[in-house]
There are 2 protein chains.
Amino acid sequence: MPKIVDHNERKIKIAEATWNVIVREGLENASVRNIAAEANLSVGSLRHYFPSQSDLFLFSMELVSERVRKRITSKKYDGPPLQTFQEALCEVLPIDEDRKIEMEVWLVFSAKTLVDRKLEELSKNVFLQMRTEIIERIIYTLESLQLLKENVDKHVEVIRLHALIDGLATHHILHPNTVTNKEMINTLTYHLHSICR
Amino acid sequence: MPKIVDHNERKIKIAEATWNVIVREGLENASVRNIAAEANLSVGSLRHYFPSQSDLFLFSMELVSERVRKRITSKKYDGPPLQTFQEALCEVLPIDEDRKIEMEVWLVFSAKTLVDRKLEELSKNVFLQMRTEIIERIIYTLESLQLLKENVDKHVEVIRLHALIDGLATHHILHPNTVTNKEMINTLTYHLHSICR
DNA sequence: CCCTTTTTAATACGACTGTACTAAAAATAT
DNA sequence: ATATTTTTAGTACAGTCGTATTAAAAAGGG
């Protein structure tokens, strides 16, 4: 009966418009009006898809994690395990323009996490998922393949690798000229080799 | 002739009030009015010390870096070099409530850095100072003392240590229950030992 | 005491905020 | 064609924003 508009697809378009506004003008200017204009919509239309601004922000932050997750899971991993793990971890790093935008948006929302309950919960879930499904899996798979050096503390190695990944990504986002793309990837490679035989 | 008020001391009080508002209610609620109320001042009085909001924000962010810098330089370092370096780096980590607040504020401003020229410049300067005066100094001093393992790439070790420190700090701020205080410090100790003989 | 200067206070302005509400437009099923 | 329902558009409201302006209050030097 009604005009058919793919509801979810439209929400994604609006969320991407939100990303653009945030990257270009900052979260402080990510008003409903500015985002609607960026998406070529009226305020009323936007509100039809997102009843409130916090709904819009939550969805926009969720979309970032979904995009990253899809990128990791949809990739084909054949080849030596160490290279496989390196490639998987590279999907989390801001190695191209799209990933950079997502990472910037994620950083901005992460800061907001400190005073926003809903965003905090999302952030926590994504963090734990990354920790258990990527970082821990890599360390413990390396061990079961007997590629890991002896005398390493696996628990600490998990924490170290996780912190290193996010530290590198953050540094490259905030200081791209000082921590270059190449240095970011080289350091990751270096680190993975340093914990293996 | 006039009422004597230590200008700089008052500005520091206001900046600390700004920290409080940011930590408690977020940057979006760090309005001139709210900050003035937190500092028990009228808006007019606050404006007498900070002509604009961006001046206030810049000063408030600068104060964070000053506090951290002072803490590092005023500390007495006697003892074995490895322990000394560890202690120095711990001053950058959010190991107590004061440092946690400062780190939270720094994180919030860092996100704003992406769309604020002045904050970006400050962030860049502080980053480079940290890089050259702390991180590089540690790695290269370790080498000159022949404490460093052979076959390490010093350039990469600098990038790695720097990213690890900030990654650990950020993780503890954002996920204190998952990355605990102890794990943060243990991981740093572990890392320093891993690059030494 | 008065004078000078700093500091404080209060008010006002235009612009922007999130949200609410109402009605027109669009599009499909009958 | 008509009815039904989604989608869009426009307007309005109360509140907050940063900033400007103006004048009163406070306080040490003469």
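Below, read A as the first sequence line, B as the second, and so on, with proteins coming before strands; counting in each chain starts at 1. What you see is a predicted model; the values in this text were computed from it and never measured.
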Would you say A:H7 reaches D:dT7's phosphate, i.e. side-chain N/O to OP1/OP2 under 4.0 Å?
-> yes
Could you state the atom-to-atom distance from CG of B:L46 to P of D:dT19 in whole Å?
-> 11 Å
Side chains of A:T141 and A:S144: do they bring a donor and an acceptor to under 3.5 Å?
-> no
So does A:E120 pair up with A:K112, basic N to acidic O under 4.0 Å?
-> no
Would one find a side-chain N or O of A:Y49 under 4.0 angstrom from OP1 or OP2 of D:dT8?
-> yes
Between A:E28 and A:R47, which has a closest nucleotide on DNA chain C that is more 5'?
-> A:E28
Counting only N and O atoms by type, is there a donor-acceptor contact under 3.5 Å from the side chain of A:S123 to the main-chain atoms of A:L119?
-> no
For A:K11 and D:dT8, give me the distance from atom NZ to atom P, rounded to whole Å.
-> 14 Å
Return the nearest nucleotide to the side chain of A:S52; candidates are C:dT8, C:dT19, D:dA20.
-> C:dT19
Whole-Å gap separating P (D:dA23) and NE2 (B:H48) | 17 Å
Among C:dT7, D:dT6, C:dG18, the one nearest any side-chain atom of A:S31 is C:dG18
A:P51 or B:L41: which one's nearest nucleotide on DNA chain C is closer to the 5' end?
-> B:L41
A:S45 side chain, from C-beta outward: closest of D:dC17, D:dT8, C:dT17 = D:dT8
Separation of C:dA26 C1' from A:R10 CZ (nearest whole Å) = 13 Å
Over how many whole Å does the gap from A:N29 atom CG to D:dC17 atom P extend?
-> 15 Å
Using atom CD1 of A:I14 as one end and atom C1' of D:dT8 as the other, report the distance to the nearest whole Å.
-> 12 Å
NZ/NE/NH1/NH2 to OD/OE distance under 4.0 Å, B:E87 and B:K75 | yes
Under 4.0 Å between any heavy atoms, over every strand shown, what does A:N40 touch: base, sugar-phosphate, or nothing? Just pick one.
-> nothing
Between D:dT7 atom P and A:F50 atom CZ, what is the distance in whole Å?
-> 13 Å
Tell me which nucleotide among D:dG18, C:dT19, D:dT8 gets nearest to the side chain of A:R33.
-> C:dT19
Whole angstrom value for the distance that separates C1' of D:dG18 from CD1 of B:I35 | 12 Å
NA contact type, B:S42, heavy-atom cut-off 4.0 Å: base, sugar-phosphate, or nothing?
-> base
Using only side-chain N and O atoms of A:N34, determine if any of them is under 4.0 Å from OP1 or OP2 of C:dT17.
-> yes
At under 4.0 Å between heavy atoms, what does A:D55 touch on the DNA or RNA strands: base, sugar-phosphate, or nothing?
-> nothing
So, are B:E157 and B:R160 salt-bridged, with charged N and O less than 4.0 Å apart?
-> yes
